[in-house]
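Scroll down for the structure; my scribbles are underneath it.
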Amino acid sequence: MKKSGFLNILLVAGLLLVSYRLLWSSGSDSKETASPTTYEDIMTRTSVRAYSDRAVSDEAMDSLLRAAMAAPTAGNKQPWRFVVIRDTVTLNYIGENFGSMKMMRQAKAAVVVCGDTTATFSGEGVGYWIQDASAATENLLLAAHAIGLGAVWCGVYPMTERVESFSSLLKLPKEILPLNCIAIGYPAGETEPKDKWKPEYIHTNVW
């Protein structure tokens, strides 16, 4: 092969490689197939309380729950338990009976994150279920944002009336305590994260 022909082949191969990398890096307009970095997801996540009519697929819900169960957990006890709500009657009931949860009437799904008090440490350590379930909740919220969903954390525990109401509604065993109820759906419009950075809250070595 002549030297000029070989150089031409190299040139074409190089152009194809550059084109491929540009196409790959540009990704897709859909966040479900191309997510920003983890840090960007953390900094741009915000509570979403208004949802479109678009359905949330079983695959998307599976992704959220897998992310939740990848959270850190004390002693690897994994006391988190999850109740997925798809039933519109139940979602409407929650939205109509809990003042801060009105968005449930628009949500396409909800997840009640619970703790199994028999699956964690005994004695004073039983309270670690709260930390574990909270870590799982934050993972779920970040995963929702990463794939283009909107979600909001609505507190249940430790408000006795709410705990009892959700326990009754969902027929929870006595050892299962509901920590929160997360509304999930595709955002209806743009959302802007709050700037919560306050350096005055930071202390080094001692208070």
Practice item. Kindly indicate, with the supporting measurements, whether the criterion side chain to side chain contact (heavy atoms under 4.5 Å, CB included) is fulfilled by Ile130 and Tyr157. Key: CA-CA 9 Å; Ile130 302 169; Tyr157 184 90; 3.6 Å; yes
Practice item. Might you work through the side chain to side chain contact (heavy atoms under 4.5 Å, CB included) test for Tyr186 and Val56, ending with a clear yes or no? Key: CA-CA 8 Å; Tyr186 285 93; Val56 177; 4.1 Å; yes
Review point. Please walk me through it: do Met101 and Val156 pass side chain to side chain contact (heavy atoms under 4.5 Å, CB included)?
Key: CA-CA 10 Å; Met101 302 188 193; Val156 176; 4.1 Å; yes
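Using a 4.5 Å heavy-atom threshold, the side chains of Leu140 and Val111 count as touching. Side-chain contact check for Val112 versus Phe82: every heavy-atom pair is 4.5 Å or farther apart. Within the 4.5 Å cutoff, side-chain heavy atoms of Cys114 are placed close to those of Leu172. Residues Thr120 and Gln131 fail the side-chain proximity criterion, which asks for heavy atoms closer than 4.5 Å. Between Asn139 and Leu64 the shortest side-chain heavy-atom distance does not fall below 4.5 Å. Counting heavy atoms from C-beta on, the side chains of Met104 and Cys181 come closer than 4.5 Å. Between Leu141 and Glu138 there is a side-chain heavy-atom pair separated by less than 4.5 Å. Counting only heavy atoms from C-beta outward, the side chains of Ile184 and Lys108 never approach each other to under 4.5 Å.
In the model, Ser100 has a side-chain atom that pairs as donor or acceptor with a side-chain atom of Arg162 under 3.5 Å. When only modelled atom types and interatomic distance are considered, Asn97 and Ser165 share no side-chain donor-acceptor pair under 3.5 Å.
Using a 4.5 Å cut-off between side-chain heavy atoms of Ile, Leu, Val, Met, Phe, Trp and Tyr, with links allowed through other members, Leu149 and Ile42 fall into different hydrophobic clusters. Taking hydrophobic clusters as Ile, Leu, Val, Met, Phe, Trp and Tyr residues chained together by side-chain heavy-atom distances below 4.5 Å, Leu142 does not share a cluster with Val48.
In this structure a side-chain-to-backbone donor-acceptor pair under 3.5 Å is missing from Ser168 to Glu164. Checked by atom type and distance alone, the side chain of Thr117 pairs as donor or acceptor with a backbone atom of Glu175 at under 3.5 Å. Remark: the backbone N or O of Thr88 is paired with a side-chain donor or acceptor of Asn92 at under 3.5 angstrom. For Asp132 (side chain) and Lys77 (main-chain N/O), no donor-acceptor pair under 3.5 Å exists by modelled atom type.
Considering all non-hydrogen atoms of both residues, Met61 and Ala109 come closest at SD-CB, 4.1 Å. Across all their heavy atoms, Ala146 and Asp41 have their closest contact at CB-OD2, 3.4 Å. Scanning all heavy atoms of the two residues, the minimum distance from Ala133 to Val113 falls at O-CG1, 3.7 Å. Annotation for Met103 and Val152: closest pair CG-CG1, 3.9 Å, computed over non-hydrogen atoms. Closest heavy-atom contact between Gly150 and Pro187: N-CD, 3.7 Å.
Here the straight-line distance linking atom NZ of Lys102 with atom CZ of Arg49 works out to 12.0 Å at 0.5 Å rounding. The line from CD1 of Ile176 to CH2 of Trp80 is 14.0 Å long, rounded to the nearest 0.5 Å. Atom-to-atom distance recorded for His145:NE2 and Ser47:OG is 11.5 Å, nearest 0.5 angstrom. In this structure, Ile182 CD1 and Thr137 OG1 are separated by 4.5 Å, a value rounded to the nearest 0.5 Å. Remark: Arg105 CZ to Leu91 CG distance equals 11.5 Å, nearest 0.5 Å. Summarising the geometry, atom CG belonging to Asp53 is positioned 8.5 Å from atom CD belonging to Gln106; distances are rounded to the nearest 0.5 Å.
In Met69, the CE atom is crowded: over 12 heavy atoms of neighbouring residues, nucleotides or ligands sit closer than 6.0 Å. No more than 12 heavy atoms of other residues, nucleotides or ligands shown are found within 6.0 angstrom of CZ on Arg66. Enclosure of atom NZ in Lys174 is not indicated, since only 12 or fewer non-hydrogen atoms of other residues, nucleotides or ligands lie within 6.0 angstrom. Residue Glu200 places its CD atom among more than 12 non-hydrogen atoms of other residues, nucleotides or ligands, all under 6.0 Å distant. Crowding of Asn76 atom CG: a count of heavy atoms from other residues, nucleotides or ligands under 6.0 Å exceeding 12.
In this structure, the ring pair (Phe, Tyr, Trp, His ring centres under 6.0 Å) partners of Phe166, at least two apart in sequence or on a different chain, are Phe98. Legend: residues meeting ring pair (Phe, Tyr, Trp, His ring centres under 6.0 Å) with Phe121, ordered by chain and number and at least two apart, are Tyr128.
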